[in-house]
Colleague: 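Questions regarding the structure given below will be posed in turn.
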Amino acid sequence: PPLEEQVVLDAGTGCGCLLVAILRETRRGSCRGVGLDVCAAALEVAMANAARARVESRCCFIECDFGNMSVGAVGAEVDVLIANPPYHVKSRFDQG
């Protein structure tokens with residue numbers, strides 16, 4: 001189906017910029033989105049950005065670690081997966 005009719009999952013949504021942009025560009029369609037992030041503060045910003053772009057009725061944001069989430073946690077079949085995960089400095093993990 002065309003993007004206007006699909007469900008987009010944004011893994012590591014952060015401020016929601018990617019998901020909100022896609023939903024804004026497909027505003028005439030029924031494209032819906034789910035944003036996942038482990039940071040509650042980032043999700044608050046994402047929700048505010050969705051409201052500012054007037055797409056909040058077509059998206060939801062879930063606080064979770066998408067690396068450890070269970071199948072079905074999103075509550076919908078996903079058509080498109082997008083992600084722009086944070087970068088981690090290797091030396092940060094070597095200190096372990």
Side-chain angles (χ1 to χ4, degrees):
L3 181 59
E4 289 81 7
E5 299 171 8
Q6 297 187 7
V7 175
V8 178
L9 175 65
D10 185 4
T13 195
C15 68
C17 62
L18 294 177
L19 182 60
V20 168
I22 288 170
L23 295 178
R24 185 143 169 92
E25 288 301 312
T26 60
R27 71 185 116 188
R28 290 196 176 119
S30 59
C31 181
R32 295 172 292 135
V34 179
L36 307 177
D37 206 287
V38 69
C39 178
L43 292 174
E44 288 181 26
V45 173
M47 287 185 273
N49 287 338
R52 190 173 297 115
R54 296 187 172 131
V55 296
E56 71 274 17
S57 65
R58 294 190 290 130
C59 63
C60 67
F61 296 95
I62 301 171
E63 183 179 352
C64 73
D65 179 353
F66 63 88
N68 295 320
M69 65 183 270
S70 65
V71 174
V74 173
E77 186 174 308
V78 173
D79 299 299
V80 179
L81 172 65
I82 60 173
N84 186 18
Y87 298 98
H88 293 283
V89 178
K90 184 180 182 312
S91 62
R92 184 172 160 199
F93 293 102
D94 291 340
Q95 296 173 357

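Just the heavy atoms: all of them, side chains too, but no hydrogens, waters or symmetry mates, feed the values below.
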Colleague: Please report the shortest heavy-atom distance between Arg32 and Leu23, naming the atom on each side.
Modeller: C-CD2, 3.9 Å

Colleague: With a 4.5 Å cut-off on side-chain heavy-atom distances among I, L, V, M, F, W and Y, is there a chain of contacts connecting Val45 to Val38?
Modeller: no

Colleague: Do you reckon Met47 sits in the same ILVMFWY cluster as Ile82, going by side-chain contacts under 4.5 Å, direct or chained?
Modeller: yes

Colleague: Could you check Asp79, Ile62, Val78 and say which one makes a side-chain contact (heavy atoms from CB on, under 4.5 Å) with Leu9?
Modeller: Val78

Colleague: Roughly how far, to the nearest 0.5 Å, is the CG atom of Asn49 from the CZ atom of Arg24?
Modeller: 11.5 Å

Colleague: So, for Cys31 and Arg58, which heavy atoms are closest and what is the spacing to 0.1 Å?
Modeller: O-NH1, 2.8 Å

Colleague: Of all the heavy-atom pairs spanning Gly35 and Leu43, show the shortest one and how long it is.
Modeller: O-CD2, 4.4 Å

Colleague: Which atoms form the tightest heavy-atom contact between Leu18 and Ala83, and what is the distance?
Modeller: CD1-C, 4.5 Å

Colleague: Within the side chain of Asp37, is there an N or O that forms a donor-acceptor pair under 3.5 Å with the backbone of Gly14?
Modeller: yes

Colleague: Can you see which heavy atom on Leu81 is nearest to which on Ala11, and at what distance?
Modeller: CD1-CB, 4.1 Å

Colleague: Locate the shortest heavy-atom distance separating Leu19 from Cys59; write the atom from each residue and the value.
Modeller: CD2-CB, 4.4 Å

